Amino acid sequence: MSEFDIARNLLVVLPELGLTILAIVLLLMDSYLPKGSNRTIAYTAAIAMAALAATPLLFPPDETSTLYWGGMIHYDWLSQIFKVMLLFAGSLTCLIAVKDHQAGKRGEFYLIITIATLGTSLMAGSADLIMVFVALETLSIPLYVLAAFGKNTRSSEAGLKYFLYGSFASGILLYGFSFLYGFAGTTSLEGIASAIANGTEIVPILAALVMVLVGFGFKISAVPFHMWTPDVYEGAPTPVTAFLSVASKAGSFALLIRFLLSVFPADVIVAGQSIQTFWINLVVVLAVLSMTLGNVLALRQKNFKRMLAYSSIAQAGYTLVGVAALQSNSDLAIAAISFYMFMYIFTNLLAFGGLVLVSEATGSDDISNMAGLNRRNPWIALAITIGLLSLSGIPPAAGFFGKFFLFQAAVEANLVLLAIIGVLNAIVALYYYLVVIKVMYVDHHEDEDQPIAMPPAYAWALGLATVVVILLGTIAVAPIFDWARLGAQAIIPGF
Amino acid sequence: MEGFQFPILSAIVFIPIFAAIIILFMDSKSRDLIRGIAITAAVVVLALSAVVFFTYNSIIDEPGGIKDMQEQILTSGSATASTEMYVKGMEYREYLPWVSSLGISYHVAVDGLSAPMILLTGMVTVTGVLISWNIQDRIREFMAFFMLLVAGVYGVFIAVDLFVLFFFYELAIFPMYLLIAGWGWVKLREYAAMKLTLYILIGSVVALVGVMAMYFVSGNFFSSAAGAEQLANAISTGILPANSTAFSFNMQQLTLAAELGAFGELGYFGVEGLTFASFWFPLIFMGFGILAGLFPFHNWSPDGHVAAPTAVSMIHAGVLMKVGAYAALRVAIQLMPSGAEIHMPWIVFLTVINVVLGAFIAFRQRDFKYVIGYSSVSHMGLVSMGWATMNLTGMTGAGLQMFSHGAMTALFFGCVGMVYDRAHTRDIPSLGGFVKRMPWVAVAFAIGGLTSMGMPGFSGFIAEFPIFQGMWQASDQITLTLGSIELSNYYSILVIISSLGIVITAAYVLRVTGQVFFGEFDSQKYPDIGDIAIQDRVILLLLGIPLIVLGLYPAILAPMVQSGLVPVVNLLGGM
């Protein structure tokens, strides 16, 4: 890049620019509109973000990754696919928040969600340690605020807990970055990679690697860095939990893929040992622990939100199976992770969106309160059912393909045992998901003749998510998966 | 593809799915409409299944039909004879690319083995809806889930792509769980439903990992120079679809890989002496065998059958256990014949335990439904035993037994349900003399009982006799080496042991028939027991008549099943 082409550079960050403008607009709306116009703000935010989700498709990137903004930002299909899904996550979260009395009734909620979306969207394309950290904090700080948004002690506790754990994780991550900078003398990921490739010292690299894994482990709530997850998920307002469970995971996985593949690739041999073998082993351990512990602990939960918290730990574990499969250096593993996150965003928002309605109507998140839901509103029951089927990997929901791709990638990488542990875990998980479905359809409840209304915002959000989850599990799987493969091929050397 | 063909197989799968969706969103108070939609969908699907069955049946013996085709290919001495016979034996093919970059396609068709299973599923679907006619509690949800379950079962039988097979297999799991947990026998339902679901899934997901591994092994084979040539060859002769790539889940392509020995190469996992087939065969065979009630994984089956509502017991024992046996044959034996040759000689012992132990336990039961539940374990053991003979006679018997036992056990469970609905107990000693009030049921149960005993003139005989005959035939061909001991001719001993199972079967069938239907009727204890309703008679006729027809005229089914098994047996080197 010889000359700084401002137009081209601005196009690259079009979604982020849009989000910034949107944030300002929302701020003004919140200040000047009369009290109680939170619905207008929510619709503005949701529609704007859904529209912005189309912008990454308008200007197709090159086949290989290109750097912009002085090497700060990657522009390739991998970042684009993640941006699309993250913008949808923001948009759907705004819609499912409308009726939530803790968060959604306040206009500034939508502003903060927009800023968090901006952060996670930047994460998807970061190419420099500074950028990575700024993006990560742009995501995290709004989320700390949001977790404490509810006016009760549980929410305040969640906010404080999340803040303490989160800032600790950021600190560790930053410490790891400082090792990398000290070693390489540069903050660009490419520069670090070439410095590592020519280096001879192994200890600082391994230390940095471990710290990076720990930092991201917190963000994706992998065991053993998951301790904050159940309390924060349960205490935070439900729409916040929904956003937290998908956006920070997806953004972190996008970064993790880049980090592991470009900074610590297979051909780097330090002190006679491939650095890749080292992190693969670590990731395998994290994956097995997260899947097993997440699922086993979820079995005992009586509160639906807490159950989804443990389930999201397990889901992070499945995705880590895909990360471990990155060693085969094929596009299948990266595409599998991207596809999994894509469908996971819609799936999880589906489950949480249904939960908002149920808990606003019944005043509690307990599973037993969902009894007879099919007779109170069959559409909500169906939406939650599709979401849970997708989480458990049962066709025709998208989760079946998602897990299939991940485990197939693991088998391709010769991690057959890991794949078997993964599928056995999926069975354990089926137990608690099926019980909820059974409660909704089969069990009786004293209030079951009182219908629960479905407001239009929810009809749109849940309807869209349901359709996407079913389509991704049936006829639309090929285009999205092939698109994810395109993203994968952009960053794998040799494609 | 010449012209437009009505996608009859897709119709068979998707009609129940659409019916389920419509029913789920109807008003739960319009019971008649719900039942009407369910029975209409079931009857239409049965009619389509019958069309598939009889049109396939008519092209077997005609000149230029399936038999001629197979003979021609066998005499040509082609190196890929089995694959050619398998592919050309398929009818009603539908092929649509799905995820092309991973070699996944929506690919369905029927052959001589799956066509009878389609018909059986249709029969059990109609009878299942009829016997649930008077369900009071949440009939809407019940019918919707039942239809979904049926769709999943159909999908497995028509799948030619392994991914499609697993897709429908898993699809059947959650409605089945909900049906048992929601409408089953109160005392046992939650426990049994979960136990059954977990058992079945564990087997299938381990098999799924095996299939993924198979995908890469065959893909690497077809990527090699020699394999690529074979692949191009197969495409040019029309054996494989024109857009086939090296990596594929198409069972035809995997069969080709098996026939060319791709799964028999030594050194799998870097272990000397281990092949892909010898490692994965037992895992995949047993994985699906769990659903077929294979010892020692049969434990879910009696509990599950007893806890389930009648319609689900019927479809479960009648059809779903056959899904297990069918998938074990299709995925394990057909795709890994070299593994079958290594492992079947010891798996046969498990099947003998199945047959004898199942019958013994059935004999000891007091609960009417447990008797039938364990008898299913025993009879499904005969199917696995038939697969273990690895010759045409025995395997054909197993194929016939799948159909015969499916109809018979659905009939049994139907009879049990009818008695229980009126007497409100299943305790055999406290029942008695029901022939006086329910003559139809008594006759139907007797027909089922005679079939079960393997009485000539009923379908059980024409199914079980070839299995035993096949065992004798296999006896001097199969040896088992255990360290320094070499067993030979032991299949004939196993036949003698397992014939004990038949004797015990006769004993418990006669005991149950005698105690439930004959003897003194206690009209004070059961004051208001009347005869069965008209829809119940339809059930008994629909399931009972095929047992007799097949017994008297086996030619309606035997050649068909045989034609479906010729490619498999040829793969096993048995032609």
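For clarity, every value in this text was computed on a predicted model and none was experimentally measured. Every chain is numbered from 1, with letters handed out A, B, ... down the list of sequences.
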Query raised in the report: Quick one: what part of A/F407 sits under 4.5 Å from any heavy atom of chain B, side chain, backbone, both or neither?
Result: both
Query raised in the report: What pair of heavy atoms forms the shortest contact from A/P378 to B/F25, and how long is it?
Result: CB-CE2, 4.2 Å
Report task. Please flag which part of A/L332 lies under 4.5 Å from any non-hydrogen atom of chain B: side chain, backbone, both or neither. Result -> side chain
Report task. Mind running side chain to side chain contact (heavy atoms under 4.5 Å, CB included) on B/T197 and A/Y431 for me, showing each step along the way? Result -> CA-CA 9 Å; B/T197 310; A/Y431 180 88; over 6 Å; no
**Report entry** Top of A/V477, A/I394, A/I420, A/L434 for chain B proximity - count of heavy-atom pairs under 4.5 angstrom
**Finding:** A/L434
Report summary line: Value for CG (B/L201) from OG (A/S392), rounded to nearest 0.5 Å, stands at 9.5 Å
Query raised in the report: Taking the six-membered ring for Trp, are B/F166 and A/F404 ring centroids under 6.0 Å apart?
Result: no
Query - Pair B/F163 + A/F401: ring centers closer than 6.0 Å - result: yes
Query raised in the report: Would B/L171 and A/F400 count as a side chain to side chain contact (heavy atoms under 4.5 Å, CB included) if you check the C-alpha gap in whole Å, the side-chain angles of each, and the deciding distance to 0.1 Å?
Result: CA-CA 10 Å; B/L171 182 65; A/F400 181 66; over 6 Å; no
Query raised in the report: What do you reckon, is CZ of B/F18 surrounded by more than 12 foreign heavy atoms closer than 6.0 Å?
Result: no
**Report entry** residues 209-217 of chain B: residues contacting chain A (heavy atom under 4.5 Å, by number)
**Finding:** B/V209, B/M212, B/A213, B/Y215, B/F216
Query - Interchain contact, B/I17 with chain A, by part (heavy-atom threshold 4.5 Å) - result: neither
**Report entry** Minimum-distance pair of heavy atoms, taken over all atoms of B/W98 and A/A478
**Finding:** O-CB, 2.9 Å
Query raised in the report: Which bit of B/E170 comes within less than 4.5 Å of chain A, counting heavy atoms only: side chain, backbone, both or neither?
Result: both
Requested in this report: Take A/V416 and B/W280 through the test side chain to side chain contact (heavy atoms under 4.5 Å, CB included) and record every step on the way to the result.
Outcome: CA-CA 12 Å; A/V416 174; B/W280 278 108; 3.7 Å; yes
Report summary line: Applying a strict 4.5 Å limit to non-hydrogen atoms, the region of B/L96 in contact with chain A is neither
Query - Least distance between heavy atoms, B/A181 atom then A/K438 atom - result: CB-CD, 3.6 Å
Query raised in the report: Which heavy atom in A/V435 sits nearest to a heavy atom in B/Y177, and how many Å separate them?
Result: CG2-OH, 4.0 Å
Query - Toward chain B, the part of A/Y441 with a non-hydrogen atom under 4.5 Å - result: both
Query - B/F145, part contacting chain A, at a heavy-atom distance under 4.5 Å - result: side chain
Requested in this report: Can you tell which part of B/Y169 gets under 4.5 Å to a heavy atom of chain A, answering side chain, backbone, both or neither?
Outcome: neither
Query - Top contributor to chain B contacts, counting heavy-atom pairs under 4.5 Å, from A/I427, A/I437, A/I475 - result: A/I427
Requested in this report: Please round to the nearest 0.5 Å and tell me the distance separating atom CE of A/M440 and atom CG of B/L178.
Outcome: 9.0 Å
Query raised in the report: Does the side chain of B/L102 reach to within under 4.5 Å of the side chain of A/Q408, using non-hydrogen atoms?
Result: yes
Query raised in the report: For A/W379, does the CH2 atom sit with more than 12 other heavy atoms under 6.0 Å from it, leaving out its own atoms?
Result: no
Query raised in the report: Quick one: CZ on B/R140 to CG on A/N374, what's the gap to the nearest 0.5 Å?
Result: 5.0 Å
